[in-house]
Amino acid sequence: MDHQSKLDNNVTARRAAWDLERENLQQRLILPEENAEEEKLEGSLPNLVGGVDLSFVPGDESGACAAYVICQAPNYQQIIWQRTRMITLTAPYIPGYLAFREAEPLAQLIQEQKTERPELTPEMLLVDGNGLLHPHRFGLACHLGVLVDLPCIGVAKNLFQMSDEGILRDQQYHTGVRDLREPGQVFPLMDTSGRILGLALKTTAQSSKPVFVSVGHRVTLNTAKRVVLAVSTYRVPEPIRHADMISREFIRQRVNAEKVFNALAKPPPDPSRLRAD
DNA sequence: GCGACAG
DNA sequence: ATCTTGTCGC
């Protein structure tokens, strides 16, 4: 048995276990009817919107920084609460199984906030990744939404192509996206059964590329679209953009501190040794 | 077999 | 996700 097939077996075994775990969580997923009272928001916008993201240590498979921010209306550029944490990831990134790598550490940050500052719990949580727009109809936004039981929206920066499902960058897709002119315009992403799994949404006039919005948990696609648009000053919604910047900066600081430490700990190279032989 | 592949 | 600076354009 060669090395490559051992790796393949590990991935296969992992997927089988994760599929069972996913099916259990999936039973707790709540998807409100699109027409049903338009939820609690009823055309209004949430006052507090949360955002989560991870940044990674360059050249390190498991080192990462998790960030969770809460932004406030009206423009959601103001952060009223934030936390970052260095974490060690246990699972590899396998396409379709992102949640099993990222959901747990993010859920911990959110649960801590709910305990320490329950009054700041956001009415909506934005996640970097997909929700229903997923081969198992249960992406990170669904997974995390169920874990913390918060209304949750998935916002991906790239389309997760699922050729078997009819979600692909074909001619129709390119045409539809090219025709997005104004912020708020969408191109529906439909699977082969005719179900709309998500939207390619143009968030700002400047951005040529849309973001890919899908329902996570306890939210309708209409509300998801409305909220994402409302919290977007730039292409990426503010809460996610801030979580991204904060976690990146944390990593950058940490890597720099390491360099300084190593420079002081190791003896500086002795130039005289270069021609000492 | 080939290409695709959220983060 | 990350490796990476400047550069073209509004």
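Keep in mind it's a predicted model, so treat the numbers as computed, not measured. Side chains included, hydrogens not; waters and symmetry mates left out as well; all remaining heavy atoms used.
Applying the salt bridge (charged side-chain N to carboxylate O under 4.0 Å, His left out) test to every pair with at least one member in residues 174-195 of chain A, sequence neighbours left out, gives these pairs: A:Arg137-A:Asp191.
Heavy atoms from other residues, nucleotides or ligands lying under 6.0 Å from CD of A:Gln172 number 12 at most.
Side-chain contact check for A:Glu123 and A:Asn47: no donor-acceptor pair (N or O, by modelled atom type) lies under 3.5 Å. For the residue pair A:Glu165 / A:Thr192, no side-chain donor-acceptor distance below 3.5 Å is found, with atom types taken as modelled.
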Please list, pair by pair, any protein nitrogen or oxygen found under 3.5 Å from a nitrogen or oxygen in nucleotides 6-10 of chain C.
none

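Ring centers of A:His143 and A:Phe100: under 6.0 Å apart, within the cut-off.
Note on A:Asp128 versus A:Lys157: salt bridge recorded, some NZ/NE/NH1/NH2 to OD/OE distance being below 4.0 Å. A salt bridge does not link A:Arg248 with A:Asp53: every distance from a Lys NZ or Arg NE/NH1/NH2 to an Asp or Glu carboxylate oxygen is 4.0 Å or more. A salt bridge does not link A:Asp19 with A:Arg15: every distance from a Lys NZ or Arg NE/NH1/NH2 to an Asp or Glu carboxylate oxygen is 4.0 Å or more.
Classification of the A:His134-A:Phe160 ring pair by plane angle, with boundaries at 30° and 60°, yields perpendicular. A parallel orientation is assigned to the rings of A:Tyr173 and A:Phe212, their planes being inclined by less than 30° (bins at 30° and 60°).
Nucleotide C:dA1 holds its C1' atom 19 Å from the CZ atom of A:Phe100, rounded to whole Å. Taking atom CZ on A:Arg252 and atom P on C:dT4, their separation rounds to 15 Å, with Å as the unit.
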> When every nucleotide of nucleotides 2-7 of chain B is labelled 5' to 3' by its protein contacts under 4.0 Å (heavy atoms), B for base, S for sugar-phosphate only, - for none, what sequence of letters results?
Replying inline: --SBBB
>> What does the 5'-to-3' dot-bracket notation of DNA chain C look like when only Watson-Crick and G-U wobble pairs under 3.5 Å count, and pairs to other strands show as |?
In response: ..........
> Pairing of DNA chain B as dot-bracket, 5' to 3': ( ) intra-strand, [ ] crossing, | other strand, . unpaired, with Watson-Crick or G-U pairs under 3.5 Å?
Replying inline: .......
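Here the straight-line distance linking atom CZ of A:Arg169 with atom OG of A:Ser163 works out to 9.5 Å at 0.5 Å rounding.
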> Taking it one step at a time, do A:His217 and A:Phe138 satisfy ring-ring contact (aromatic ring centres under 6.0 Å, His included)?
Replying inline: CA-CA 10 Å; A:His217 182 55; A:Phe138 201 73; 8.8 Å; no
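A search for salt bridge (charged side-chain N to carboxylate O under 4.0 Å, His left out) contacts involving A:Arg85 returns A:Glu112, not counting sequence neighbours.
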